[in-house]
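Working notes, beginning with the structure itself.
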There are 2 protein chains.
Amino acid sequence: MSASARPTLALVAERAGVAISTASLAFTANGPISEASRNRVLAAARELDYAGPNPLGRQLRSGRSGIVGVVIGDQLKRSFRDPVAVQVLDGLVSTLGAAGLGVLLIPGIPGVDADSRAVDPLIESAAMDVGVLVWGVRTDDPTLAAFERRGVPVVVGEGREVPGAPIVSIADRRGTADVVRHLTSLGHSAIAEIALPLDHTRRSGPVDAARLAQSDRTPTSNRLAGVRDVVEPVITWEPAGPLVEHGKEAAITILSGDDRPTAIVAHSDLLAAGALLAAQELGLKVPEDVSIAGFDGLDLPWLAPAVLTTVRQPLAEKGAKIGEAVVNLLAGNAPESVELDVELVVGTTTGPPREAV
Amino acid sequence: MSASARPTLALVAERAGVAISTASLAFTANGPISEASRNRVLAAARELDYAGPNPLGRQLRSGRSGIVGVVIGDQLKRSFRDPVAVQVLDGLVSTLGAAGLGVLLIPGIPGVDADSRAVDPLIESAAMDVGVLVWGVRTDDPTLAAFERRGVPVVVGEGREVPGAPIVSIADRRGTADVVRHLTSLGHSAIAEIALPLDHTRRSGPVDAARLAQSDRTPTSNRLAGVRDVVEPVITWEPAGPLVEHGKEAAITILSGDDRPTAIVAHSDLLAAGALLAAQELGLKVPEDVSIAGFDGLDLPWLAPAVLTTVRQPLAEKGAKIGEAVVNLLAGNAPESVELDVELVVGTTTGPPREAV
DNA sequence: TATGCGGATCGAATCGTTTCGATCCGAGCC
DNA sequence: GGCTCGGATCGAAACGATTCGATCCGCATA
């Protein structure tokens, strides 16, 4: 009656009348085993309702768990409301899945106090073969240190150099410069900037030089730099978050002021979409009264008939490249970093400023 | 030079001059061990750069992996663009994280052929203590069968009964009836319905009785039934997907026809938001020309100044309840199903039909 | 008939822990 | 001083598989 325990390979072997090692061969396709014994083993397995080797035993022996820990570095809710994150993750999960690897979701910094040295306990105690820091590492990142201590190799998406770890990044500085150059070449000089959040504090408002220097997120810093490669924005606004509503809020303030800029460049499409809604609400024509450009190249059909001018980045491909880097690392190859290219896509939301007409 | 192998507990014990079992006690807080030996062990660990017991060994011994497999049943990209899914997942991940459990993401049906009996290989071979089928089970679900074969207990979100598995569901049939009743009590009788997708085929168009019977997704079926508890819709439209653009597409057709309905009830807020955009594009006033209601209770600030009439369901709480059910199951308690309540929230998008004014 | 060969099978070691029962030791008590 | 008691420590046995070297068997060859 206490037969609730799952059958083991030993039981199957006994029933089939072979040694455990032979039974093992029947399940791992590659060993030398006769058709006859394989069938006997499989039959015995069926009779005992044995569903294949227990992963835990296999993992201990082989030293591999087949699991990749992915640190998304924030509350799920916040990360996944951002389509950029979702697309990258999608590419990553597909690639890893195809390689037989599973994704363990690691929220990252637990709770609000992202300053503390606390690390998600999963990083310290869950079994994994590789860790992925999708959104880059911060200086002196405790997460990175924890992985290192455990001897878990790491792949970094989008970030500063980490010795021994491959980085998959995107040419976002150049892309940002491209879109700003597009604006200046149309004749704009009073360009406002809506930045991505500079850090985890949900602060919002205009950004001064001191605050600018505090940015510890790589994509944000790169895009700030990209803008400044071409022009000094008349104002840089830091929104409370990365979503549409935050962009709208920022743009309302920017566009309501006395010296209305002739163009807004946002660090992301979601923020730009918010700016578009703001302009609409304020009765401003786009692009006649104000040009608006974004970054990401998302598909935002609900903006129709407007088509956002933006910079398309290969998001799913980025995820896929990270996945490849993981597989590569597990195969024992040397880490290899990649930078993916971006492309300016001109839509209907940018045009020459009114004065220039 | 070949010292690349990670140190083991045995090494630490040797260095500390204690038995392996004693060293083990130093890491698991609860055993009887003197302060002195614990310190000696921890010191030795530090010297050897030992980062704590290897999870694989621990897992094999205890028979627990601390991992919960969550089947999201679709491409990540599609699931996670839906804020409903994201909020539930967020609640789930938080609850499980607090219990020290990790979430293994299982896409579910690989590739497009969702009809086949194929199952995500992770379900067959990854280590996990419990499986979660977030979006319910279909009749004769191969995924469910695979879990059963492996002896992995299962928790089901939103679905039909599964013997021995707790179900966490939401009173969506009653909620849908409530919102439709709200419309009829305003005087509407010509009500159109935009349904959630009936199955995985990305079919779209008007739905007849035969097609209606084919719906194999529980939330969809429940909401279809909820509408019919109150009124027979003048038309039911099946969109190609669950997102804003799909709702817009559907509504454009519905509202362009000759017998324009006076109200549209959508199975979700995203679809309803699409309908709102459609009405706007067609120059129709909401709610004067057409009332629009949704379901979910999402926060959609970019619809402002409109506030959608909808039915609020406790999404994060649903995820949390699923998490609790998992923890409960692991504690050896009997499975316990829950049905969560919903609440009608009247916004500015519904009002009496023009004729009735 | 003896020898050699190659493929199938087997036994035993191993992966790194936890846990359980046994041992050991010092303190307290009579 | 002998005895008991209890807490700290230890050894060994799992946990469930893979893998490697050794054995075994049958067949072909000399």
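Any value given below was found using the heavy atoms of this structure, including those in side chains, with hydrogens, waters and symmetry copies removed. Just so it is clear: chains get the letters A, B, ... in the order the sequence lines come, proteins before strands, and each one is counted from 1.
The separation between A:Asn54 atom CG and C:dT17 atom P is 18 Å, rounded to whole Å. As rounded to whole Å, 15 Å separates atom P of C:dT19 from atom CZ of B:Phe27. Distance, B:Glu35 CD to D:dG7 P: 16 Å, rounded to whole Å. Atom CG in B:Leu48 sits about 14 Å away from atom P in C:dG16, given to the nearest Å. Atom CZ in B:Arg64 sits about 14 Å away from atom C1' in D:dC15, given to the nearest Å. Whole-Å rounding puts the B:Leu9 CG to C:dT19 C1' distance at 13 Å. Between B:Arg6 atom CZ and C:dT17 atom C1' the separation is 17 Å, expressed in whole Å. Between the P atom of D:dC15 and the CG atom of A:Leu56 lies a distance of 13 Å, rounded to the nearest Å.
Atom CE in B:Met128 sits 4.0 Å away from atom CD1 in B:Ile106 (nearest 0.5 Å).
Listed for the B:Ser24 side chain is no donor-acceptor partner under 3.5 Å among the backbone atoms of B:Ile20. Side-chain N or O atoms of A:Asp129 include none that pairs as donor or acceptor with a backbone N or O of A:Val68 at under 3.5 Å. Proximity of a side-chain donor or acceptor of B:Arg58 to a complementary backbone N or O of B:Ser65 within less than 3.5 Å is not detected.
Across all strands, B:Ser62 comes closer than 4.0 Å to no nucleic acid atom at all (heavy-atom distances).
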Distances under 3.5 Å only, N/O to N/O: pair up the protein atoms with those of nucleotides 22-24 of chain D.
none

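Using a cut-off of 4.0 Å between Lys/Arg side-chain N and Asp/Glu carboxylate O, A:Arg149 and A:Glu124 are scored as not salt-bridged.
Pairs of residues two or more places apart, or lying in two chains, that qualify as salt bridge (charged side-chain N to carboxylate O under 4.0 Å, His left out) and include a residue from residues 36-55 of chain A are A:Arg15-A:Glu47.
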Summary of protein contacts for nucleotides 4-13 of chain C, nucleotide by nucleotide, where a base hit scores B, a sugar-phosphate-only hit scores S (4.0 Å, heavy atoms): ----SBBB-B
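For the pair B:Tyr50 and C:dG16, the criterion of a side-chain N or O lying under 4.0 Å from OP1 or OP2 is not met.
Judged purely by distance below 3.5 Å, without hydrogens or angles, the side chains of B:Ser37 and B:Ser34 pair a donor atom with an acceptor atom.
The shortest distance between side-chain heavy atoms of A:Val326 and A:Leu96 falls below 4.5 Å.
No more than 12 heavy-atom neighbours from other residues, nucleotides or ligands sit within 6.0 angstrom of CD on B:Glu336.
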